[in-house]
Amino acid sequence: MDHFQIRDGVMHAEDVPLTLIAEAAGTPVYVYSTATIRRHVRVFREALANVESGAEGPWIAYAVKANPNAAVLATLAREGLGADVVSGGELLRAIHAGVDPAKIVFSGVGKTADEMALALRHGIGQFNVESEPEAEMLSDVAVALGTTAPIAFRINPDVDAGTHAKISTGKSENKFGIAYHRASAAYARARALPGLAVRGVAVHIGSQLTNLAPLETAFTKIGGLIETLRAEGHAIATADLGGGLGVPYDPALPLPPSPAAYGEMVARVTAGWNVRLMFEPGRLIVANAGALVSRVIRVKEGAADPFVIVDAAMNDLMRPALYDAWHDIRTIVPRSQRFTANVVGPVCESGDTFAMNRPMDAVEAGDLVGFMTAGAYGATMASTYNSRPLTAEVMVDGNNWAVVRERLPIEALIAADSLPPWLK
Ligand SMILES: *Cc1c(COP(=O)(O)O)cnc(C)c1O
């Protein structure tokens, strides 16, 4: 459920007409709904109400890469969420937005020594280590700083997540994690390293999962591994089950499993594990809380269907070009007629296509459209390709709204380059 609804003939974000935001902030513009973000946090928490997770309850670390805007992070920090970060940059943004460092977990296969030191100095809660060489480097960095790093190993359970290949992470051929059969050796190695405090296991098999079965298979394997590791003398206190739950993009498709169904499965599979459970939801929290609002530049005749050329492009919302992703395209002020069209951006790539042969509300030049479910992996993936300045972002809360990221002026892009002496 989201808070983008038509009221008096105009789509609103909560109580604010999107026409007003588009006029004031320009287009294209990402618009986020605070109420939707908060609602998703509440729904996810409630879904985990019955899991066994020790005295402290589940540790929910929002996956910052889904949407790292400071206003989003600050909203989530106030809800008490931690953060799952995959770079020193995300770590600093999360802390700057008010996330408690003790609730931060650092994931990723390529953490550098500098990033490790940064995270140790900030006292983050856990490192999810993805290889033995990484464990050795982290131990060295921790020893040099006179501290110990709390770690879990990310296990690659060799499970097919059944999602798009580019967002699958839990197959043995993917770069992520330590192979299940290598886990015992890795934990034994880590125990011998002076800078590490081994405390848990972690798994994350992919994103936009629309079926619970692969998650259940992966979690069951992790349960077995916890028993093995404990029998080998390791104190396993945390189990991080990652993120990945899918969200509805296309209303014509069956709904993905609900958070409640996910929570029920987790409670059943993890019963008796005797750990603190950790979760890293990203998309689930923010996807439906965002829309990319764009203006139709013109409608051009096509071989079959017309081309609707909008002022947003693949550099603003990359998912369709990158993953063949499907976004609902709605008119902000519906005309009550329908047509079939191809919706494209101005970038000079045929891949700059949001939709082909799409039955949709009819539009004319100057109309506003919304690319829905764009709050996750939207603005954060934007680039300045075709020298298009990064899009503005707006946050709505009830009848309040504010620009939470200014549109980058083209002057900033020009000023970022400099000429070598021989061209001056
Ligand atoms: C991307 C990522 C997530 C979040 O995935 P969603 O599908 O957005 O929930 C969680 N954990 C790790 C390690 C990730 O890389």
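These values consider heavy atoms only, across backbone and side chains, with no hydrogens, waters or symmetry-generated copies. The residues of the chain are indexed from 1 along the displayed sequence. This one's a predicted model, so the numbers in the text were calculated from it and none came from an experiment. Atoms within each ligand, like the ligands themselves, are counted from 1 in listed order.
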What are the atoms of ligand 1, with element, lying closer than 4.0 Å to any heavy atom of [X]?
X    : answer
G282 : 6 (P), 8 (O), 9 (O)
R154 : 13 (C)
R283 : 6 (P), 8 (O), 9 (O)

Between R230 and N274, does the side chain to side chain contact (heavy atoms under 4.5 Å, CB included) criterion hold? Intermediate values first, please.
CA-CA 11 Å; R230 283 187 175 145; N274 195 20; 4.3 Å; yes
Any [X] heavy atom less than 4.0 Å from ligand 1:
X    : value
F176 : no
D84  : yes
A376 : no

Neighbour count >12 (heavy atoms, 6.0 Å) for atom CZ, R407:
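Yes, CZ of R407 has more than 12 neighbouring heavy atoms, counting only those of other groups under 6.0 Å.
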Heavy-atom proximity to atom 4 (C) of ligand 1, best of A63, A161, G246, A61
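Minimum heavy-atom distance to atom 4 (C) of ligand 1 goes to A63.
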Does any N or O of ligand 1 fall below 3.5 Å from an N or O anywhere on G243, backbone included?
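N/O-N/O distance under 3.5 Å: no.
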Would G206 count as a polar contact of ligand 1, with the cut-off being nitrogen or oxygen pairs under 3.5 Å?
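Checking ligand 1 against G206, no N or O pair falls under 3.5 Å apart.
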Between [X] and [Y] (salt bridge meaning N to carboxylate O under 4.0 Å), is one present in this structure?
X    : Y    : answer
K221 : D158 : no
R338 : D361 : yes
K111 : E130 : no

Considering heavy atoms of the protein only, find what lies nearest to [atom] and give residue, atom and distance to 0.1 Å.
atom                    : value
atom 7 (O) of ligand 1  : S207 OG, 2.3 Å
atom 13 (C) of ligand 1 : E280 OE1, 3.4 Å
atom 14 (C) of ligand 1 : K65 NZ, 2.9 Å
atom 8 (O) of ligand 1  : Y377 OH, 2.6 Å

Applying the side chain to side chain contact (heavy atoms under 4.5 Å, CB included) criterion to H40, which one of N288, L284, V286 satisfies it?
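The residue from N288, L284, V286 that satisfies side chain to side chain contact (heavy atoms under 4.5 Å, CB included) with H40 turns out to be N288.
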Taking the six-membered ring for Trp, are the ring centroids of H327 and F354 within less than 6.0 Å of each other?
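No, too far apart.
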Are the aromatic ring centres of Y187 and H234 under 6.0 angstrom apart?
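Yes - the distance between ring centres of Y187 and H234 falls below the 6.0 Å cut-off.
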Part of H204 within contact of ligand 1 (heavy atoms, under 4.0 Å):
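Just the side chain.
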Taking atom types as modelled, find out whether T391 and D316 have a side-chain donor-acceptor pair closer than 3.5 angstrom.
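Yes, D316 and T391 have a side-chain donor paired with an acceptor closer than 3.5 Å.
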